[in-house]
Amino acid sequence: MKPLAAFLATFVVALALTGVTGARTHTFQSANCNTATPQPTAGMTRDGQMNYAIIAAWDGYQWGGGCWNNDDHDAAPNDPPQQYTGGEGGDCSGFTFKTWREAQDTANGGRYYWAPLRNVHGPYTAEAFKNAAGAPNGTIYKPNADAMDGFASTWHVGLVFFRGSGGWDQIIEAKCEACGTNLFDESYRSQSAFGGIRRIGWTG
Amino acid sequence: MDWLRISAVVTVTPLLAAAACTGGGGERREARVVDRVRALEIALPARGSLARCLELTPFRHGRVIAIERLGRVTRSVTVTQRGSRALFACDETGVKLERREWCGFSAGALRDGRLADPRLNILCVDRHRRHVASVFVNPVRGARWISVDQGPYTELFPTARGLPVRVASTHDVDYGRARATFRISQIGPGGRILVRRRFVAQVAG
């Protein structure tokens, strides 16, 4: 009986370990996100993209991420910072890329609707947005920044939701793992590290 | 370029060494390419292509440490200042991005001399229109070279000043997912392999 008992004990331990490994590799993105083809769209309005952007609020932040649902709950909170773990939410540049309906081809300035659950980050980082890399991206004089224009620094990018006063704005941004994606009052407009950025090609 | 002081010059003529290894009765030859690197300290303002890179950084006064690398895939400059935690890299392939000499630009924050994220850039393409992925690799203590598996050959990037090493590859770039897979080894004196790892870098932040 002893060999049988030893075998059973080993088997149970191995089964448990397999289960633990399986749970660790099962991420929000692998379970929920897709790779559907983005839909080209003729138009893109600032109001429309404000509505798109607000869907991401309360749905978390993921370094290098670009996939979220609309349940106002971060399915993968408290990830380690600056590590891609397949959790829910975008990061600042992935959120901006999707909200601005950009193409993955940097030479393509067209408009593409990416469903929230479409997992895509795009090729740009915050510093790339700041430097207006890619055909759809431009820079603007900061006082002219309006709704769904943005402010980008070397380290971060956020979009104007409501224009404020005194150098402050209500910004919608994927801010950090601990603070998530949401509306925040920010003074990016008055900070020298931030430049004004604009998606080229708004139709309304 | 206004190189006022060359603090260290490590110039290894690019060479195509053939390191033969045999296995399974057959013979496989693995080509190795060694990149050139120069470590410089430069008083600002700089001129030329370095100045166009520095325009993208907050460095305007004083001196900068610049690590210039010339490799098979890219030419890059890594820039920092003494006492600064910010580390920047400009990458070029000879193919301009929207008329810019530097098609790639990355920024990272150093903590204890290391970067938490490799700061992947995939905006550059080479002359064959292949996407080029550039990342930083933190060298381990004693590492003299970072070797990168480029498929048909291995590229050796010399370390310099203990700073993260900017490496590039066209191999295993998943542009659609904004990620790239690198197979690297860190090599110490005498060719001893200190670390061998495969990692996936993701465009982020």
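Naming: A, B, ... by sequence-line order, numbering from 1 per chain.
Residue pairs that meet the ring-ring contact (aromatic ring centres under 6.0 Å, His included) test with at least one member in residues 42-67 of chain B, sequence neighbours left out, are B/Phe59-B/Phe88. Within the structure, the disulfide (SG to SG under 2.5 Å) test picks out no pair touching residues 173-205 of chain B (sequence neighbours left out).
For the pair B/Arg32 and B/Tyr153, the cation-pi criterion (under 6.0 Å, within 45° of the ring axis) is not fulfilled.
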Pairs table: donor-acceptor atoms between chain B and chain A closer than 3.5 Å:
unit_1, atom_1, unit_2, atom_2, d
B/Glu98, OE1, A/Gly134, N, 3.2
B/Glu98, OE2, A/Gly134, N, 2.7
B/Glu98, OE2, A/Ala135, N, 3.3
B/Arg100, NH1, A/Asn131, O, 2.6
B/Arg100, NH2, A/Asn131, O, 3.1
B/Arg100, NH2, A/Ala132, O, 2.7
B/Ala107, N, A/Glu127, OE2, 3.1
B/Asp117, OD1, A/Trp63, NE1, 2.7
B/Tyr175, OH, A/Gln104, O, 2.4
B/Gly176, O, A/Gln104, NE2, 2.5
B/Gln202, NE2, A/Gly64, O, 3.4
B/Val203, O, A/His121, NE2, 3.4
B/Gly205, N, A/Asp91, OD2, 2.6
B/Gly205, O, A/Ser93, OG, 3.0
B/Gly205, O, A/Ala126, N, 2.8

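With sequence neighbours excluded, no residue forms a ring pair (Phe, Tyr, Trp, His ring centres under 6.0 Å) with A/Phe162.
Under the 3.5 Å distance criterion, the side-chain polar atoms of B/Arg75 are left unmatched by any main-chain donor or acceptor of B/Gly94.
Here B/Leu156 contributes atom CG and B/Thr159 contributes atom OG1; the two are 11.0 Å apart, rounded to the nearest 0.5 Å. Here the straight-line distance linking atom CZ of B/Arg47 with atom CG of B/Leu54 works out to 13.5 Å at 0.5 Å rounding.
Of the residues considered (A/Gly134, A/Pro81, A/Gly94, A/Ala174), A/Gly134 shows the highest number of contacts with chain B, using heavy-atom pairs under 4.5 Å.
For A/Ala126, the parts sitting under 4.5 Å from any heavy atom of chain B are the backbone and the side chain alike. At a 4.5 Å heavy-atom cutoff, the contact between A/Ala132 and chain B is made by backbone and side-chain atoms alike.
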